[in-house]
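What follows is a single structure, written as structure tokens, with notes after it.
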There are 2 protein chains.
Amino acid sequence: MSTTQMLKGIIDGCILAIIHEKEVYGYELAERLEQYGFDSFSEGTIYPLLMRMQKEELVTSTLKKSIAGPKRKYYSLTVKGEQELQQFIVRWESLQKSVNSVLQTKGQKNE
Amino acid sequence: MSTTQMLKGIIDGCILAIIHEKEVYGYELAERLEQYGFDSFSEGTIYPLLMRMQKEELVTSTLKKSIAGPKRKYYSLTVKGEQELQQFIVRWESLQKSVNSVLQTKGQKNE
DNA sequence: ATCGTATATCTTGTAATGCAAGGTAAATTT
DNA sequence: AAATTTACCTTGCATTACAAGATATACGAT
């Protein structure tokens, strides 16, 4: 049981949320996720995921020149992506509630 | 993106937490998880998971007669299982914090 | 007795997905 | 021109939730 397993299906939503703020490119996304406290994200995770989301029409991409390096592929949310984000939030809150109610049954600290 | 993917690596911890309260058998566990608000749990999920956890020496099992039906296999936590539970709680809280900080960046309701 | 139902466990195969490892390429610096 | 940094992509593996199906025990009704 590792942290990586806990992320399955959750990174998707987090990435949608980050793109929702403003368009980002993959390489930048990895850095942003780390800032939010996630363990460093492999590019082998992020790029396939972005491509999958584009295939599912949750995001669109446009290439833009970089000041240093090859072109950046910027992603933004589609309407469908916005909806998916909202649904993710609902699912996440539900999951969070269930897990916390299981965990707090045992007096895990004070009280 | 479905709820089931979000559960990967999380059910483990929830099951440890439930067994921590008091010993349970698999069939009962499925019902308990539903009570906590999880979507119904397949037995194809629970039994393999319990066996895996026993293999990893997180739980032990003992057979007991049932009033109606075949023998029940009751599971309880080992010391290692207790430790794993504590570690899960730490990981869960960390994950929760990260995901929520990503999500709340967008004003998802009030304020 | 036998059949159906509820209880209880296990096995097999499939799909999803995080990620390590490796590859390609462009721009800047040395 | 060689190295470094930025940036993207691909392949293959390991993990795991779950549907579907098999097996077995106890009890009540026919």
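Below, chains carry the letters A, B, ... as their sequence lines are ordered, and counting in each starts from 1.
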In whole Å, what is the span from the [atom1] atom of [X] to the [atom2] atom of [N]?
{"X": "Leu33(A)", "N": "dG18(C)", "atom1": "CG", "atom2": "P", "result": "11 Å"}
{"X": "Ile46(B)", "N": "dA19(D)", "atom1": "CD1", "atom2": "P", "result": "11 Å"}
{"X": "Leu29(B)", "N": "dT7(C)", "atom1": "CG", "atom2": "C1'", "result": "16 Å"}
{"X": "Arg91(A)", "N": "dA17(D)", "atom1": "CZ", "atom2": "C1'", "result": "15 Å"}
{"X": "Leu63(A)", "N": "dA7(D)", "atom1": "CG", "atom2": "P", "result": "13 Å"}
{"X": "Ile15(B)", "N": "dA17(D)", "atom1": "CD1", "atom2": "C1'", "result": "11 Å"}

Looking only at side-chain N and O atoms, does [X] come under 4.0 Å of OP1 or OP2 in [N]?
{"X": "Thr45(B)", "N": "dC18(D)", "result": "yes"}
{"X": "Ser66(B)", "N": "dT7(C)", "result": "no"}
{"X": "Tyr25(B)", "N": "dA8(C)", "result": "yes"}
{"X": "Tyr47(B)", "N": "dT9(C)", "result": "yes"}
{"X": "Ser42(A)", "N": "dA20(C)", "result": "yes"}

Using a cut-off of 4.0 Å on non-hydrogen atoms, how would the nucleic acid contact of Glu28(B) be classed: base, sugar-phosphate, or nothing?
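Contact class for Glu28(B): none.
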
Considering only NZ, NE, NH1 and NH2 on the basic side and carboxylate oxygens on the acidic side, decide whether Lys22(B) and Glu28(B) come within less than 4.0 Å.
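Looking at Lys22(B) and Glu28(B), the cut-off is met.
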
Could you check whether Glu23(A) pairs with Lys73(A) (Lys NZ or Arg NE/NH1/NH2 to Asp/Glu carboxylate O, under 4.0 Å)?
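Between Lys73(A) and Glu23(A) there is no salt bridge, as every charged N stays at least 4.0 Å from the carboxylate O atoms.
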
Interface residues of residues 69-77 of chain B with DNA chain D (non-hydrogen, below 4.0 angstrom)
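Contacting residues: Gly69(B), Pro70(B).
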
Can you name the residues that form a side chain to side chain donor-acceptor pair (under 3.5 Å) with Gln54(A), not counting sequence neighbours?
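Gln54(A) satisfies side chain to side chain donor-acceptor pair (under 3.5 Å) with Ser61(A) only.
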
Going by the angle between their ring planes, with limits at 30° and 60°, are Tyr25(B) and Tyr74(B) parallel, tilted or perpendicular?
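Taking Tyr74(B) first and then Tyr25(B), their aromatic rings stand perpendicular (interplane angle over 60°).
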
For Lys80(B), side-chain contact (heavy atoms from CB on, under 4.5 Å) partners two or more places apart
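Per chain and number, Lys80(B) pairs via side-chain contact (heavy atoms from CB on, under 4.5 Å) with Glu57(B), Leu58(B), Thr78(B).
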
Set of residues satisfying side-chain contact (heavy atoms from CB on, under 4.5 Å) with respect to Ser66(B), sequence neighbours excluded:
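side-chain contact (heavy atoms from CB on, under 4.5 Å) list for Ser66(B), sorted by chain: Arg72(B).
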
Minimum-distance nucleotide to Tyr27(B) side chain [options: dT7(C), dA17(D), dG18(C)]
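Among dT7(C), dA17(D), dG18(C), the one nearest the side chain of Tyr27(B) is dT7(C).
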
Go through the side-chain N and O atoms of Asp12(B) and Gln5(A) and say whether any donor and acceptor fall under 3.5 Å apart.
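The criterion, which ignores hydrogens and geometry beyond distance, is not satisfied for Gln5(A) and Asp12(B).
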
Show me the protein contacts with nucleotides 12-15 of chain D, counting only N or O atoms at under 3.5 Å.
unit_1	atom_1	unit_2	atom_2	d
dT15(D)	O3'	Gln5(A)	NE2	3.4

In chain order, what residues pass the ring-ring contact (aromatic ring centres under 6.0 Å, His included) check against Tyr27(A), with sequence neighbours excluded?
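None.
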
Earlier contact from the 5' end, DNA chain D, for Phe41(B) and Glu43(A):
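Going by which nucleotide is closer to the 5' end, it is Glu43(A).
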
Applying side chain to side chain contact (heavy atoms under 4.5 Å, CB included), run through Tyr75(A) and Leu29(A) and close with a yes or a no.
CA-CA 10 Å; Tyr75(A) 289 90; Leu29(A) 196 54; over 6 Å; no

